[in-house]
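Letters A, B, ... are given to chains in the order of the sequence lines, protein chains preceding strands, and every chain is numbered from 1.
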There are 2 protein chains.
Amino acid sequence: MVRAAPYDREIALDAAMSLFWDKGYHATSLKDLEATLHMKPGSIYAAFCSKENLYLLSLEHYFKTARARLRTQLQQASSPLAGLGEHLRSYARLSQGDTARQACMLTKSLVDTRSTDPVIAQKTQEYLGQIRSDFAATFDRAKALGELPADADSNRLARRFQANVTALRFELHQGTPQDEILNLAEDMARELEQLRI
Amino acid sequence: MVRAAPYDREIALDAAMSLFWDKGYHATSLKDLEATLHMKPGSIYAAFCSKENLYLLSLEHYFKTARARLRTQLQQASSPLAGLGEHLRSYARLSQGDTARQACMLTKSLVDTRSTDPVIAQKTQEYLGQIRSDFAATFDRAKALGELPADADSNRLARRFQANVTALRFELHQGTPQDEILNLAEDMARELEQLRI
DNA sequence: GGTGTTTTTGAGCGATCACTCAATGCTTTT
DNA sequence: AAAAGCATTGAGTGATCGCTCAAAAACACC
């Protein structure tokens with residue numbers, strides 16, 4: 001059977017992403033991928049070249065999805081700062097079974113590969129940097145709208161904000177009780193909203 | 001040659017810890033351990049039973065060292081809150097070559113093993129919990145000394161503080177530029193010190 | 001329905017994995 | 001200095017790793 005290529009490829013990539021996200025690069029074997037993608041080794045290699053390349057494609061897929069979700073969230077908010085606050089609180093509202101209820105895949109990826117796979121590590125840092133620059137742009141918009149003082153340091157705020165998101169999602173990963181997650185997200189969101197003029 | 005057992009064992013454990021800390025559980029092979037510990041496979045297994053057990057011992061060694069360092073730091077400070085602030089800033093001052101200039105081993109361990117090795121994951125969470133309870137006890141002392149309001153929620157503050165430490169150390173892991181690390185640590189420390197009555 | 005092209009298959013490749021154990025030292029006891 | 005007691009050795013275990021490729025199956029076109 002010839003696959004309707006782009007469609008099935010997207011499906012397979014999404015499944016690979018979930019598996020890699022959950023188990024990490026080193027702990028995921030080709031056997032695992034064969035079972036999850038419902039593909040034999042030959043097909044996997046015909047379609048994705050290597051385990052490393054499949055991981056890179058999965059990471060890109062994760063990044064694009066995450067960034068799109070973030071941008072939508074920010075656009076729908078009543079203001080830049082409100083959007084960022086809502087972003088934090090939305091993690092705390094993730095339902096128990098949600099696959100996103102764990103650490104950011106980029107965080108996990110960097111921890112997993114920084115000292116063993118420079119190619120993956122570098123791409124991961126690139127993606128983290130791009131998301132951070134989205135945060136910085138949002139702080140810039142807040143300044144332009146008079147929501148933040150004109151002398152606020154957007155890059156510094158973005159770094160701080162990203163650190164908060166990373167930490168919050170690591171708590172999800174840990175399985176911290178829901179009420180403590182809500183408190184933590186609330187603390188972070190309040191701190192952010194106190195910057196408002 | 002018969003080893004002076006407890007001494008050499010400590011040396012070996014420290015070397016194993018460094019290696020596991022750097023590469024992670026799954027990416028570290030027995031070959032790597034043989035080279036780092038200067039021991040042949042037979043000796044390693046005679047001394048440590050299994051790779052998993054050696055990892056657990058390394059993790060315990062890390063925990064004990066880290067906890068001791070933290071307690072000394074807190075004792076030497078002029079007040080509980082000052083000690084916690086100093087703890088944050090001390091990470092930012094770590095020299096470029098320092099092996100500690102990366103993510104906390106407990107953080108990395110949980111990311112690496114949560115969905116592949118329940119035994120390790122559980123121990124890791126236990127250690128993280130114990131460190132958090134040290135933080136909570138410090139906030140309690142701050143309350144007793146009148147440094148914090150009597151109705152402050154020590155556990156909530158401890159969770160927030162630990163999240164900050166995790167995030168700050170992840171930035172070290174990422175190789176974020178020194179000046180940005182200093183800013184981030186400063187932001188976190190100031191936020192903490194603003195709790196002071 | 002025959003032909004040419006493309007895709008899928010899965011047994012099996014060499015390398016490496018975590019790990020074992022009979023043989024070999026070294027040290028202590030006598 | 002011989003014997004007994006242990007820690008150390010490293011070649012070798014079966015299993016699994018990421019990956020290949022010749023054969024088979026499924027398709028498109030005429």
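- Atoms CG (A/L33) and P (D/dC19) sit 10 Å apart, rounded to a whole Å.
- For A/A158, the side chain to side chain contact (heavy atoms under 4.5 Å, CB included) criterion is met by A/R132, A/F135, A/A136, A/F139, not counting sequence neighbours.
- With rounding to whole Å, A/D117 atom CG is found 16 Å from D/dC17 atom C1'.
- Judged as a side chain to side chain donor-acceptor pair (under 3.5 Å), and not counting sequence neighbours, A/T36 has no contacts.
- The interatomic distance linking A/I44 (CD1) with C/dT9 (P) rounds to 10 Å, in whole Å.
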Pull out every protein N or O sitting under 3.5 Å from an N or O of nucleotides 16-19 of chain C, one pair per line with the distance.
| residue | atom | partner | partner atom | Å |
| --- | --- | --- | --- | --- |
| C/dA18 | OP1 | B/T28 | O | 3.3 |
| C/dA18 | OP1 | B/K51 | NZ | 2.9 |
| C/dA18 | OP2 | B/L30 | N | 2.7 |
| C/dC19 | OP2 | B/Y45 | OH | 2.6 |
| C/dC19 | OP2 | B/K51 | N | 3.0 |
| C/dC19 | O5' | B/Y45 | OH | 3.1 |

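- Atom NE2 of A/H38 is separated from atom C1' of C/dT9 by 17 Å (rounded to the nearest Å).
- Close to D/dT9, at under 4.0 Å from its OP1 or OP2, lies a side-chain N or O of B/S43.
- For B/Q125, the side chain to side chain contact (heavy atoms under 4.5 Å, CB included) test picks out A/Q174, B/L110, with sequence neighbours left out.
- Annotation: salt bridge (charged side-chain N to carboxylate O under 4.0 Å, His left out) contacts involving residues 30-58 of chain B, sequence neighbours excluded, comprise B/K23-B/D32.
- Partners of B/A142 according to the side chain to side chain contact (heavy atoms under 4.5 Å, CB included) rule, which considers only residues two or more places apart in sequence or in another chain, are B/P80, B/L81, B/E147, B/L148.
- Among residues at least two apart or in separate chains, ring-ring contact (aromatic ring centres under 6.0 Å, His included) pairs with a member in residues 70-122 of chain B are B/H87-B/Y91.
- Residue pairs meeting the ring-ring contact (aromatic ring centres under 6.0 Å, His included) criterion with at least one partner in residues 93-115 of chain B, sequence neighbours excluded, do not occur; the list is empty.
- Note on A/K143 versus A/D151: no salt bridge recorded, every NZ/NE/NH1/NH2 to OD/OE distance being 4.0 Å or above.
- With rounding to whole Å, A/K40 atom NZ is found 15 Å from D/dA25 atom P.
- Taken over five-pair windows at either terminus, the axes of the helix from C/dG1-D/dC30 to C/dT30-D/dA1 are inclined to one another by 10° (rounded to 10 degrees).
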